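Quick notes on the structure that follows.
Predicted model only: the values in this text are computed from it and were never measured. Computation of the quantities below employed the complete heavy-atom set of this structure, encompassing side-chain atoms and omitting hydrogens, waters and symmetry-equivalent molecules.
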Amino acid sequence: MLTIRNRLIPFGKQYGAINLFGVLFYKPGMTLTPQVLNHERIHTAQIRELLFVPFYLIYLAEWFIRIIACKGDIYKAYRSISFEEEAYCHGDDLNYLSTRRHFAQWR
């Protein structure tokens, strides 16, 4: 996975990294631990199986729906997105991708 350290992406102080089309952008001061890299690799697997653009459309649609369901709590909405739930749940399991089933975020 290509990683790019920069000050602009991701936006917002609470986010330290973002995976865009399989490229990881992260802020200075963010430590790329094996768990963080695994979390982002899980996103890369999700992105690839949904053929890139549909992943982002579904991700954003689900986030907006979750914002309403979480009564405007943006961070809570973010953490409850199915893609994030899978990545956070399995981020510590560094062997997860070798056993991950397709579309595991919806199982």
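Taking Asn19 as the reference, Thr44 meet the side-chain hydrogen bond (donor to acceptor under 3.5 Å, both in side chains) condition, with sequence neighbours excluded. Annotation: ring pair (Phe, Tyr, Trp, His ring centres under 6.0 Å) contacts of Phe52 (sequence neighbours excluded): none. Under the rule for a side-chain contact (heavy atoms from CB on, under 4.5 Å), the partners of Lys27 that lie at least two apart in sequence or sit in another chain are Pro10. Judged as a side-chain contact (heavy atoms from CB on, under 4.5 Å), and not counting sequence neighbours, the contacts of Phe64 are Leu60, Ile67. Partners of Glu85 according to the side-chain hydrogen bond (donor to acceptor under 3.5 Å, both in side chains) rule, which considers only residues two or more places apart in sequence or in another chain, do not exist here. With sequence neighbours excluded, the residues forming a side-chain contact (heavy atoms from CB on, under 4.5 Å) with Asp93 are Asn95, Tyr96, listed by chain and number. The side-chain hydrogen bond (donor to acceptor under 3.5 Å, both in side chains) test applied to Ser80 returns no partner, not counting sequence neighbours. For Arg66, the side-chain hydrogen bond (donor to acceptor under 3.5 Å, both in side chains) criterion is met by Glu62, not counting sequence neighbours. Glu86 meets the salt bridge (charged side-chain N to carboxylate O under 4.0 Å, His left out) test with Arg100; sequence neighbours excluded.
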With side chain to side chain contact (heavy atoms under 4.5 Å, CB included) as the criterion, how do Val36 and Met30 come out once you've worked through the C-alpha distance, each side chain's angles and the decisive distance to 0.1 Å?
CA-CA 10 Å; Val36 169; Met30 171 80 179; 3.8 Å; yes
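A chain of hydrophobic side-chain contacts below 4.5 Å, direct or via other Ile, Leu, Val, Met, Phe, Trp or Tyr residues, connects Leu8 to Ile4. The hydrophobic clustering, which links ILVMFWY residues whose side-chain heavy atoms are closer than 4.5 Å, places Leu24 and Ile9 apart. Following chains of ILVMFWY side-chain contacts shorter than 4.5 Å, one cannot reach Ile42 starting from Tyr78, and the two form parts of different hydrophobic clusters. Note: the hydrophobic cluster containing Leu94 does not contain Leu97 (ILVMFWY, side chain heavy atoms under 4.5 Å, direct or indirect links). Ile18 and Phe55 end up in the same hydrophobic cluster when Ile, Leu, Val, Met, Phe, Trp and Tyr side chains are linked at under 4.5 Å.
Residues Met1 and Gly22 share a closest heavy-atom pair of CG-O, 3.6 Å.
With rounding to the nearest 0.5 Å, the separation of CD in Gln105 from CD in Gln46 is 5.0 Å. Separating the OG1 atom in Thr3 from the CG atom in Leu37 is a distance of 7.5 Å, to the nearest 0.5 Å.
Counting heavy atoms from C-beta on, the side chains of Phe83 and Trp63 never come closer than 4.5 Å. For the pair His102/Glu49, a side-chain contact is recorded, criterion being any heavy-atom separation below 4.5 Å from C-beta on.
Listed by first and then second residue, the side-chain hydrogen bond (donor to acceptor under 3.5 Å, both in side chains) pairs that reach into residues 6-15 come to none, sequence neighbours excluded. Residue pairs meeting the ring pair (Phe, Tyr, Trp, His ring centres under 6.0 Å) criterion with at least one member in residues 16-45, sequence neighbours excluded: Phe21-Tyr56, His39-His43, His39-Tyr88.
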